[in-house]
Amino acid sequence: MPFGFLSRVPGMRNVALYTSVPVFEPLPKVPDHPAIEEEILDWWEGQEIFAKLRRRNEGGPTFSFFDGPVTTNKPMLVHTAWGRTLKDVFQRYKALRGFDERYQNGFDCQGLWIEVGVEHDLGLNSKRDIEEYGLEEFARKCRDKVVWSANELWKGSKRLGQWMDWGNDYFTFSDTNIEYVWRMLRAVHERDYLYMGHRSTEWCPRCGTSISQHELIGSYVDRADPSLYVRFPLLDRPGEFVVIWTTTPWTLPANVAAAVNPREEYGRRANGEWVAVKRYPDETLVDRRPGSELVGWRYRGPFDEIVSVDHVVIPWEDVSMDDGTGIVHIAPGCGTEDFELGQKLGLPVLMPVDESGRFYDSFGWLHGLSTVESAEQIIGDLEEKGILVEAGLHEHRYPECWRCHTPLIFRLADDWFISVRDLRQQMLDANATVEWVPEYMGKRMDDWLHNMGDWNISRRRYYGLPLPFYPCACGHLNVIGSRRELEARAVSGLEQLEELRRPWIDRVPIRCDECGEAVQRVTEVGDVWLDAGIVPFSTLGWQNDEWVPEGNATGAARGLTTADLPDHAYWEKWFPADWVSEMREQIRLWFYSQLFMSVVLTGKAPFRKVLGYEKMLDETGREMHGSWGNTIAFEEAVDRMGADVMRWQYCAQPPDRNLLFGFGPAQEIKRKLLTLWNSVSFFVEYANIAQFTPSWSSLEPDAQAPLDRWLVERTHAFVVDAAGRYEAYRVDEVMTLFEAYLDDLSNWYIRRSRRRFWDEDQAAFATLWYALVQTLRVLAPVMPFIADHLWRNLVPDGPESVHLAQWPEVGEPDRALLDEIEEVRRVVTLAHQARASANLKLRQPLRRLVVEGANGASRHSAEIADEVRAKSVEFGTVEAQLHVKPNLPALGPRLGKELPAIRQALQSGDFEELAGGRFRVGGHELEPGEVLVERSGREGFAVASEAGLTVALDTVLDDELLLEGRAFDLIRTVNQLRKDEGFELVDRIVLTVPEGERDVVETHRDRIAGEVLATEIRVGGALGIAKS
RNA sequence: GGGCGAUUAGCUCAGUUGGUUAGAGCGCCGCUCUGAUAAGGCGGAGGUCCGUGGUUCGAAUCCACGAUCGCCCA
């Protein structure tokens, strides 16, 4: 006998004793998630589980996923962990299904984010500071920052349980990646999309660079700026002025014109000031004239003593009558529309401020002042000159720099652009082939594509992709497409070219294609989204002839990765991505730049499906801000809740709503997780007692008992439905399914089956084991740690890890059976309600239950009787008082205004029942479909009903029932006592009951003894138990 | 400033083509069940369905206007 001595007491609950080693490891009361996770991480590594998984799936169907590169300027955050969890979940799911995957992680390593972080670390605060610090050293510090951040992200991601090919990551600052962008830019140039634009753009004076359209996302903030009304004296009309309004005083020195709407009416105030009539309807204005008559009037500019240009009133049909004076100050050097208007009319262009937003020396006493500093002095000066009409503050929305929050200015600059004229429609067509989850995000992409302007790709910065543009004095623009080409055409400087990067690359002039002269590179670097957008090409070896080992470990990425540069066949295999996933703001960023490049290079979309998701907030719905003290560090989250709980929280979140993340919600999840834990724990405890031995080879039980059959079908339904939701990239719906399934498993199957486990019913064990094992397989992608931890305990002879076990194959569930049990549970709920309304606790047995309107449940009457503790269950008509209500959707259209009266009549019982379920009321005959008939309130019965289902519980208690009720009370009391006194589950007792309980014991002795494991029951004396 | 969306219990949210007593989860209170469970079950308190007006026999739902919030665009 392998399990040693077994004791059985005849007629008792068959709880056996075991004395030898249990099959399953007993579970502690609660799981220690961090401890389990650390242990599993070690075990995965030691057993090379991930490597085994990849080997197994090698050569299988491919599932191509592109990882959007995370910016390497921060440690791991709980925000980052959300996205990483989603990426991991679906890659794991696809791996269970046998898909071959690449698992390449990516880092975004250049651009303003990195520079600004390093500037901050070094205490630098301007471009001049950086140049004084030295570009070479600055570049090294930027790389250090990237290395630090990459290490943090590796560490955190592994701790989160993310399975990626760590060590084969791509870094966007590799020379390889840079070369691929060059190649793309050259293709753009060959198609004539590339041009240098001289125009007024949003400009960050602190960063000293222009800001492109997609960088303006979310950058408008509410601000209070100066609001100035200024009058310009008219040269040919003494004593008269035009009055303008502005919120940017620093642009006044650049004024060259005042625009009026030629179609609107203007008038003169008594003091000589001209304004639009519509703007001042209550004022007395004389000499009214259409705007067209003001056109051509010359005026004296506000700063003529500094800059002398001719000022004139010009026509502009877009002048709005919604704010200001109806006359608009025009400074073509300081505004986009002003510039365009100026170009059309041939107005002079004045550029008042330099790259850092300070006035040029040529602006007299203003020189050196910043746009902000100058405001007050300009206001003072205008007042002194007597041309300031009014000064105040104006609240409006104004754009800030997305990185440093400096208010942007408009500044004329030479920037490099890619024209989107031809590409727009191609991109829209490509996007139409993409399936977006949630759907509205695809529409957002369309909106953006419809509205986007030409792409400003140049930044006047340092640590970024060097634009390979070499404009020659001869007028020819040389665009270098590869390192090889650079080397072939270099005049000098190759020996010092450490990386394709500033400052080294700036020391390599090339020979002009056209005239043969040496040409310098422009100093600009590229928009960081070029780096990220090229990834589907640079990492997959697009148009690369020969596979290059470690070919992506070039330039700054050398030593950080071992990623190869594959050949073109590999690109063909893995492009486009089957799926990508990032947060919503990436629509206009990474999703856009990827789409852009892909359309340029291939004419196709680079991905088939996209999962986008909204923002993360704290658990009260506020943004997480360091200064508000409501941020949660990744390490703290992992230590306090555990990675599985975090992952559940992320996965349960519908992607179209903000995630309210925190320890409160984590607590709720832990409670739910505990139900799963306890279900396994229950199984383990009793399976050990019953020496149940599971067998992986006969996984699915041949269920005979109705309840077992139900659980098997219920499990099939869960597996099938969960697969559907995974396939739709809605893991939140997988979690919803799981919660419902877990409730069924725990609060119906286990609760209903407890006695069978006590009785060592092997079929029950086999069924529960099957359900638990399948559950772990479904949950493995979401909670890889706890799933594997429990798997290793429950499945001794199957695959060593749940992640190697593949997605469960199950048959089509028997939905009809599931519906029946659904109905049973509704009947039980109603019966419990009826009990409560009659004040009858469940321990009191009742004579009978009558059920009406639940025919499917009739096959399970024993089940219902037991749950409700009724001696019998009848299915039939509940004879009760008749209530007739109007069926409003049916009767409303027919009766119209008469309806309230009929309704009233029915309610007060003022009707006559006719044959065939028809009723006569208030002169109308109502058909059966036009009324809702309910019965209730039968004498001696407690009735409850809901949606066509009615139950009636016989509440009459006879002596027999009362006595039995007392027996249940006694059992309950004694069992509580056993628990309180710390008795083992299998301890046998001698029970002593008071004299008053003699009648109960005499009638129900065997039942009581069996339920409380009493070998003997003594009557007389105080209630007590002792070990026998 | 323009466009889109939202506003329902203390919190997070459901609420079908307009229909009968507006729901769920969490939290709170009471009762109850329980030898896996910190769980479960039943009940209670808690609602100006943002406001005003309209259409309709009937409006959380449809229409108009307004308020507030969010997102996108400028």
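Sequence lines set the chain letters: A, B, ... in the order given, protein chains first and strands last, and positions in each chain run from 1.
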Quiz prompt | Distance, P atom - from B:C63 to B:G19, rounded to whole angstrom | solution = 15 Å
Exercise. Please state how far atom OH in A:Y440 lies from atom P in B:G3, giving the value in whole angstrom units.
Key: 21 Å
Quiz prompt | Within residues 739-748 of chain A, residues whose heavy atoms come under 4.0 Å of RNA chain B | solution = A:S746, A:N747
Practice problem: Using the closest heavy atom to pick a nucleotide of RNA chain B for each, name whichever of A:S679 or A:R671 lands nearer the 5' end. | Solution: A:R671
Quiz item: Can A:E1011 and A:R972 be counted as an ion pair, charged N to O under 4.0 angstrom?
Solution: no
Exercise. Determine whether A:L674 and A:P31 make a side-chain contact, defined as any pair of heavy atoms from C-beta on separated by less than 4.5 Å.
Key: yes
Practice problem: Using whole Å, report how far CD of A:E614 lies from C1' of B:C72. | Solution: 11 Å
Quiz item: Going through the checks in order, is the side chain to side chain contact (heavy atoms under 4.5 Å, CB included) test met by A:V684 and A:E25?
Solution: CA-CA 7 Å; A:V684 164; A:E25 180 81 21; over 6 Å; no
Quiz item: Are A:R640 and A:F663 in a cation-pi setup, meaning NZ or CZ lies under 6.0 angstrom from the ring centre and within 45 degrees of the ring axis?
Solution: yes
Exercise. Going 5' to 3' through nucleotides 4-14 of chain B, assign each nucleotide B (protein heavy atom under 4.0 Å from a base atom), S (under 4.0 Å only from sugar-phosphate atoms) or - (no protein heavy atom that close).
Key: --------SSS
Self-check item: Integer angstrom distance from the P of B:C13 to that of B:C31
Solution: 33 Å
Quiz item: When the C1' atoms of B:U7 and B:G66 are considered, how many whole Å apart are they?
Solution: 14 Å
Quiz item: Nearest heavy-atom pair of A:R424 and A:H450: which atoms, and what distance?
Solution: NH1-O, 3.0 Å
Exercise. For nucleotides B:C73 and B:U52, find the distance between their P atoms and express it as a whole number of Å.
Key: 35 Å
Exercise. Tell me which nucleotide among B:U34, B:A38, B:C73 gets nearest to the side chain of A:L674.
Key: B:A38
Quiz item: Which pair of heavy atoms, one from A:H329 and one from A:T251, lies closest together, and at what distance?
Solution: NE2-OG1, 2.8 Å
Quiz item: For the side chain of A:N678, counting heavy atoms from C-beta on, which of B:C73, B:G25, B:U37 is nearest?
Solution: B:U37
Quiz prompt | Rounded C1' spacing from B:A60 to B:G3 in Å | solution = 26 Å
Quiz prompt | Sugar-phosphate only, base, or nothing, as touched by A:K443 at under 4.0 Å among non-hydrogen atoms | solution = nothing
Practice problem: Give one of base, sugar-phosphate or nothing for A:R754, where a contact means two heavy atoms less than 4.0 Å apart. | Solution: base
Practice problem: Between B:U37 and B:U16, how far apart are the P atoms? Round to whole Å, please. | Solution: 41 Å
Quiz item: How are the rings of A:Y650 and A:W82 set to each other: parallel, tilted or perpendicular (split at 30° and 60°)?
Solution: parallel
Practice problem: May I have the distance from A:W677 (atom CH2) to B:U37 (atom C1'), rounded to whole angstrom? | Solution: 13 Å
Quiz item: Can you find a donor-acceptor N/O pair under 3.5 angstrom joining the side chain of A:R843 to the base of B:U32?
Solution: no
Quiz item: Expressed as a whole number of Å, how far does the P atom of B:U48 sit from that of B:A9?
Solution: 8 Å
Exercise. Begin from the C-alpha positions of A:V610 and A:M441 and carry the test side chain to side chain contact (heavy atoms under 4.5 Å, CB included) through to its verdict.
Key: CA-CA 9 Å; A:V610 182; A:M441 291 197 189; over 6 Å; no
Quiz item: If you measure from the Lys or Arg side-chain nitrogens to the Asp or Glu carboxylate oxygens, is any gap between A:E264 and A:R279 under 4.0 Å?
Solution: no
Quiz item: What nucleotide, of B:A39, B:C72, B:A38, holds the atom closest to the side chain of A:T675?
Solution: B:A39
Practice problem: Find which nucleotide of RNA chain B each of A:K672 and A:V680 is nearest to by heavy atoms, and output the residue with the more 5' nucleotide. | Solution: A:K672
Quiz prompt | Interatomic distance where NZ belongs to A:K670 and C1' belongs to B:U37 [whole Å] | solution = 17 Å
Quiz prompt | Axial cation check for A:F591 ring with A:R444, 6.0 Å and 45° limits | solution = no
Quiz item: Nearest of B:G25, B:C72, B:A36 to any side-chain atom of A:R584?
Solution: B:C72
Self-check item: All stems with RNA chain B, defined as three or more consecutive Watson-Crick or G-U pairs under 3.5 Å
Solution: B:1-7 with B:67-73, B:10-13 with B:23-26, B:28-32 with B:40-44, B:50-54 with B:62-66
Quiz item: Taking the side chain as C-beta and beyond, is there a heavy-atom pair between A:V974 and A:I1008 under 4.5 Å?
Solution: no
Exercise. Would you indicate what A:L27 reaches in the nucleic acid, counting non-hydrogen atoms under 4.0 angstrom: base, sugar-phosphate, or nothing?
Key: nothing
